[in-house]
Protein chains: 2
Amino acid sequence: MATIGFHQHDHSHCIATALSQAESKCAERKLQFTPARRRVLEILLEKHRAMGAYEILDILAAEGIGSQPPVVYRALDFLVQHGFVHRIERLNAYTACAHPTRDHVPAFLVCRQCKAVAEAETELTQGRLGIAAGKTGFHIERIVVEAEGLCPDCAGAQA
Amino acid sequence: MATIGFHQHDHSHCIATALSQAESKCAERKLQFTPARRRVLEILLEKHRAMGAYEILDILAAEGIGSQPPVVYRALDFLVQHGFVHRIERLNAYTACAHPTRDHVPAFLVCRQCKAVAEAETELTQGRLGIAAGKTGFHIERIVVEAEGLCPDCAGAQA
DNA sequence: GCCAAGATGTAATAACATATCAATGCGAGG
DNA sequence: CCTCGCATTGATATGTTATTACATCTTGGC
Ligand SMILES: [Zn+2]
Ligand SMILES: [Zn+2]
Ligand SMILES: [Zn+2]
Ligand SMILES: [Zn+2]
């Protein structure tokens with residue numbers, strides 16, 4: 001059992017599922033799902049939380065996969081590029097996508113205390129931001145939405 | 001003349017205005033608007049774009065105000081804390097608030113090419129993100145919204 | 001097999017941020 | 001006036017995150 005999106009669940013098999021989905025997707029698109037890329041995604045799925053690049057690198061180093069920063073940054077770039085992983089700007093950290101099969105605009109709830117992260121989705125309509133962009137002629141390609149606050153656990157522990 | 005919010009305008013006097021507004025606000029709240037803090041805000045107002053901490057520090061160093069990182073980070077912390085400056089997570093950079101008199105939830109349009117930044121406002125209603133948060137018991141305290149794309153200038157230059 | 005594109009190995013460095021502790025200034029209460 | 005407490009500053013060191021640069025190797029199309 002592990003904490004995901006702030007509730008408990010058994011995800012022993014969803015790692016395998018996500019990995020094989022990623023594998024298929026790469027095959028379709030003629031992308032190379034190399035060992036380092038695969039292992040980084042697997043690590044993020046296993047831990048099921050946001051991890052810093054160097055935290056991942058430590059694991060790779062221990063396993064003899066690579067010990068230099070570019071090893072992990074290249075893998076992360078690939079995974080982020082193709083939507084298997086999201087970067088949490090607020091934390092300078094990375095987390096496996098919670099619904100990699102759907103095309104989506106990710107949004108995150110980030111606990112400022114324990115750093116737990118839950119992935120939600122925002123509406124595609126860009127509201128006042130889209131309107132502001134339109135007025136000025138700005139062309140939006142991507143939107144970062146990250147809410148910061150207290151997760152249920154930490155809020156409860158405040159007592 | 002300078003680029004602000006992606007259109008031209010003369011803001012020779014708005015620096016002075018913003019500074020004196022900040023001064024009043026600090027006086028009201030019994031905050032110390034010290035020389036370093038004042039100068040950092042002034043620099044951000046002058047340049048009128050997002051600046052990295054070390055870029056600001058270089059200026060402070062040249063002026064003999066201070067050359068060590070804590071000098072600029074302390075000033076930035078203060079200015080961000082009190083709403084005179086916003087941090088752009090996507091860029092690890094800082095920019096003077098475009099409407100410091102109003103209480104607001106800032107949102108940004110960030111050009112991926114030239115790094116120009118425009119500040120907009122988002123609705124306070126948190127839409128589906130708020131709903132998702134409510135369901136899981138997450139308590140939102142702050143929301144980061146940063147749109148990435150191309151500003152009119154860069155889009156034009158694409159040719 | 002040959003070539004070009006993509007991926008990896010490796011070293012060095014850049015960019016961003018914080019920890020720690022001593023020293024200083026300054027107002028409120030005695 | 002004194003001094004206690006608190007915010008600020010000074011100074012040094014260190015921690016953390018990310019990129020550049022260049023050599024080498026692999027892969028897949030031809
Ligand atoms: Zn996702
Ligand atoms: Zn928490
Ligand atoms: Zn603002
Ligand atoms: Zn631009």
Side-chain angles (χ1 to χ4, degrees), chain A residues 22-23 26-41 43-44 50-82 84-95 110 112 115 144 146, chain B residues 22-23 26-41 43-44 49-61 63-82 84-95 110 112 115 144 146:
Chain A
E23 201 152 2
C26 286
E28 273 175 35
R29 305 189 199 168
K30 314 259 189 209
L31 301 172
Q32 302 182 42
F33 197 49
T34 63
R37 293 169 178 178
R38 184 191 179 86
R39 184 64 187 122
V40 169
L41 177 55
I43 288 167
L44 285 169
M51 298 179 74
Y54 279 72
E55 191 184 353
I56 296 168
L57 182 57
D58 285 345
I59 296 174
L60 297 182
E63 295 175 355
I65 297 174
S67 60
Q68 304 301 321
V71 172
V72 70
Y73 281 103
R74 284 164 178 163
L76 287 169
D77 283 352
F78 173 89
L79 295 168
V80 167
Q81 188 97 28
H82 297 97
F84 302 122
V85 164
H86 298 297
R87 176 181 162 86
I88 313 293
E89 300 293 343
R90 189 67 186 74
L91 301 176
N92 295 329
Y94 304 82
T95 191
V110 180
R112 69 168 150 80
K115 309 300 181 197
V144 172
E146 298 175 8
Chain B
E23 198 153 4
C26 286
E28 273 174 34
R29 305 189 200 167
K30 314 260 188 207
L31 301 172
Q32 302 182 43
F33 197 50
T34 64
R37 292 169 179 177
R38 182 191 182 86
R39 184 64 187 124
V40 169
L41 177 55
I43 288 167
L44 285 170
R49 60 182 170 80
M51 298 179 75
Y54 279 69
E55 191 184 353
I56 297 168
L57 182 57
D58 285 346
I59 297 174
L60 297 182
E63 296 176 353
I65 296 174
S67 60
Q68 302 306 317
V71 172
V72 70
Y73 281 105
R74 284 165 177 164
L76 287 169
D77 283 352
F78 173 90
L79 294 169
V80 168
Q81 188 96 29
H82 297 97
F84 302 122
V85 164
H86 298 298
R87 176 182 162 83
I88 312 295
E89 300 292 342
R90 187 68 186 74
L91 301 177
N92 295 328
Y94 304 82
T95 191
V110 180
R112 71 168 150 80
K115 308 302 181 195
V144 172
E146 298 175 8

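Within every chain, numbering begins at 1; the chains are lettered A, B, ... in the order of the sequence lines, protein sequences first and strands thereafter.
No side-chain heavy atom of B:R74 sits less than 4.5 Å from a side-chain heavy atom of B:R37. Here the side chains of A:V80 and A:H86 are not in contact, with every heavy-atom distance at 4.5 Å or above.
Each end of the helix from C:dG1-D:dC30 to C:dG30-D:dC1 gets its own axis from five base pairs, and the two axes differ in direction by 30°, given to 10 degrees.
Distances shown here put every side-chain N or O of A:R87 at or beyond 4.0 Å from the OP1 or OP2 atom of D:dT17. Put simply, B:Y54 has no side-chain N or O that comes within less than 4.0 Å of OP1 or OP2 on C:dA15.
The residue among B:R37 and A:A53 whose nearest nucleotide of DNA chain D is located toward the 5' end is B:R37. Comparing B:E55 and A:Q32, the nucleotide of DNA chain C nearest to each residue sits closer to the 5' end for A:Q32. Between B:N92 and B:F78, the one whose closest nucleotide on DNA chain D sits nearer the 5' end is B:F78.
Expressed to the nearest 0.5 Å, how far CG of A:L31 lies from CD of A:Q81 amounts to 9.5 Å.
Contact annotation for A:F33: no contact, since no heavy-atom pair falls under 4.0 Å across all strands. Backbone-only engagement by A:Y94 is indicated by non-hydrogen atom pairs under 4.0 Å involving sugar-phosphate atoms exclusively. Counting non-hydrogen atoms under 4.0 angstrom, A:S67 reaches nothing in the nucleic acid.
For the pair A:R90 and A:E146, the salt-bridge criterion is not met [side-chain N within less than 4.0 Å of a carboxylate O].
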